[in-house]
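See below for the structure under consideration.
As the structure is a prediction and not an experimental result, all values here were calculated from the model.
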Amino acid sequence: MSDAEWVVVRPLLPVPGWLRGRGGQPEAYCHRTMLDAIRYLVDNGTKWRAMPADFPPWDRVYAFFRRWRDHGLVKEFHDRLRGRVRERAGRDPEPSAGVIDSQSVKADAVVGADSRGFDGGKLINGRKRHVVVDTLGLLLGVMVTAADIGDRTAAHVLLAQVTAAHHLLALVWADGGYTGSLVEYCLAALALVLAIVKRTDDMRGFVVLPKRWIVERFFVHLMRSRRLVRDFERSTTSAEAMVYWSATMLMTRRLARPRPSRA
């Protein structure tokens, strides 16, 4: 991280238990060094054991990653950053609208058969990332499943999680793969309007569809992180944590940029 990014990040980091008087020992390495190490791994796609010597030992970095993953600290940190980005853009910290979509990616050999599958539509053997983003393209929720899990099936669970965390969310745009009973379920059970944005029959070639391009742009940002080009994680919880880490990198860069002059 640059110094400008660290100035943004430092006040938003979760406070360690020993600083809150909950006991325990101070950590051996500073958070900036640990965050830089994880960002390096996500951005460059290296193995944990191939962590450069400039960073702490790989097992200490992995222990830090695992603790943040298991206790939901990476999501907490991400959500604080998202609120700051929305406020800086003149929006309410809590979103009222979003976009849902999925992305199938090939899985590495370390991914077990119990969490991988074959996506017949895209001919990909691996996993599928189901995400909900707000209208700024900021992540609201992610769920990683086997690639053979249908979009509507995963959306039942993911949308319930997202609406429980974001009570102002009232409208979500989706593509034609989310039609059917899911629309009625969202309205009746979640008080959520699921608006389907479809291509018309007269469209030819590549056409930018309203609202759907927002989530597609988010997937493009994920593909810039080499660790996410394929799914290298043994567990789906680690795969979801990697998506959150990539999203935090994007928002940190946005917050560190100087605001444009209105003169």
Minimum heavy-atom distance between [X] and [Y], given as atom pair plus value:
{"X": "Leu136", "Y": "Arg217", "answer": "O-NH2, 3.1 Å"}
{"X": "Ile100", "Y": "Ala174", "answer": "CG2-CB, 3.5 Å"}
{"X": "Glu5", "Y": "Ala256", "answer": "CG-CB, 3.5 Å"}
{"X": "Val162", "Y": "Gly141", "answer": "CG2-CA, 4.0 Å"}
{"X": "Gly137", "Y": "Phe218", "answer": "O-CD1, 3.5 Å"}
{"X": "Leu12", "Y": "Arg80", "answer": "O-NH1, 2.9 Å"}

Distance check, rounded to the nearest 0.5 Å: [X] atom [atom1] versus [Y] atom [atom2]?
{"X": "Asp108", "Y": "Arg230", "atom1": "CG", "atom2": "CZ", "answer": "6.0 Å"}
{"X": "Thr252", "Y": "Trp6", "atom1": "OG1", "atom2": "CH2", "answer": "10.5 Å"}
{"X": "Asp151", "Y": "Ser104", "atom1": "CG", "atom2": "OG", "answer": "7.5 Å"}
{"X": "Leu139", "Y": "Leu81", "atom1": "CG", "atom2": "CG", "answer": "12.0 Å"}
{"X": "Leu182", "Y": "Glu184", "atom1": "CG", "atom2": "CD", "answer": "8.5 Å"}
{"X": "Arg82", "Y": "Arg254", "atom1": "CZ", "atom2": "CZ", "answer": "12.5 Å"}

Is the shortest heavy-atom distance from the side chain of [X] to the side chain of [Y] under 4.5 Å?
{"X": "Arg226", "Y": "Phe232", "value": "no"}
{"X": "Val144", "Y": "Asp231", "value": "yes"}
{"X": "Arg10", "Y": "His31", "value": "no"}
{"X": "Val85", "Y": "Leu255", "value": "yes"}
{"X": "Arg224", "Y": "Met249", "value": "no"}
{"X": "Glu76", "Y": "His71", "value": "no"}
{"X": "Leu140", "Y": "Val133", "value": "no"}
{"X": "Asp101", "Y": "Glu216", "value": "yes"}

field: Residues Val172, Cys186; criterion side-chain contact (heavy atoms from CB on, under 4.5 Å); working and verdict
entry: CA-CA 10 Å; Val172 171; Cys186 290; over 6 Å; no
message: Any carboxylate oxygen within less than 4.0 angstrom of a Lys/Arg side-chain nitrogen, looking at Arg66 and Asp59?
response: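 Looking at Asp59 together with Arg66, the answer is no, because their closest N to O distance does not fall below 4.0 Å.
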- prompt: Is any side-chain N of the basic residue among Arg227 and Glu233 closer than 4.0 Å to the acidic one's carboxylate O?
  reply: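 Yes, this pair counts.
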message: If you count heavy atoms of other groups shown closer than 6.0 angstrom to CZ of Arg234, is the number above 12?
response: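 No, not enclosed.
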task: Using the side-chain contact (heavy atoms from CB on, under 4.5 Å) rule, pick out the option among Thr248, Val9, Val61 that qualifies with Leu35.
output: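 Among the candidates, only Val9 passes.
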query: Looking at Leu41, Val42, Asp43, Leu228, which one forms a side-chain contact (heavy atoms from CB on, under 4.5 Å) with Trp245?
result: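 Only match with Trp245 under side-chain contact (heavy atoms from CB on, under 4.5 Å): Val42.
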Between the side chain of [X] and the main-chain N/O of [Y], is any donor-acceptor distance below 3.5 Å?
{"X": "Glu94", "Y": "His166", "result": "no"}
{"X": "Asn44", "Y": "Thr46", "result": "no"}
{"X": "Asp36", "Y": "Met1", "result": "yes"}

query: Going through the checks in order, is the side-chain contact (heavy atoms from CB on, under 4.5 Å) test met by Phe219 and Val131?
result: CA-CA 9 Å; Phe219 287 138; Val131 304; 3.5 Å; yes
query: Side chains of Ser238 and Arg69: do they bring a donor and an acceptor to under 3.5 Å?
result: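 Yes, Arg69 and Ser238 have a side-chain donor paired with an acceptor closer than 3.5 Å.
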message: Is the ring pair Tyr62/Trp48 parallel, tilted or perpendicular, if the boundaries are 30 and 60 degrees?
response: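 Ring orientation, 0 to 90° scale: perpendicular.
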query: Going by the angle between their ring planes, with limits at 30° and 60°, are Phe77 and Trp68 parallel, tilted or perpendicular?
result: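 Answer is perpendicular, since the angle exceeds 60°.
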- prompt: Knowing that exactly one of Arg127, Lys128, Arg129 qualifies, which makes a side-chain hydrogen bond (donor to acceptor under 3.5 Å, both in side chains) with Gln103?
  reply: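 Of Arg127, Lys128, Arg129, side-chain hydrogen bond (donor to acceptor under 3.5 Å, both in side chains) with Gln103 is met by Arg129 alone.
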task: Tell me, with the steps shown, if Asp3 and Arg32 meet salt bridge (charged side-chain N to carboxylate O under 4.0 Å, His left out).
output: CA-CA 10 Å; Asp3 290 339; Arg32 181 173 182 175; 3.0 Å; yes
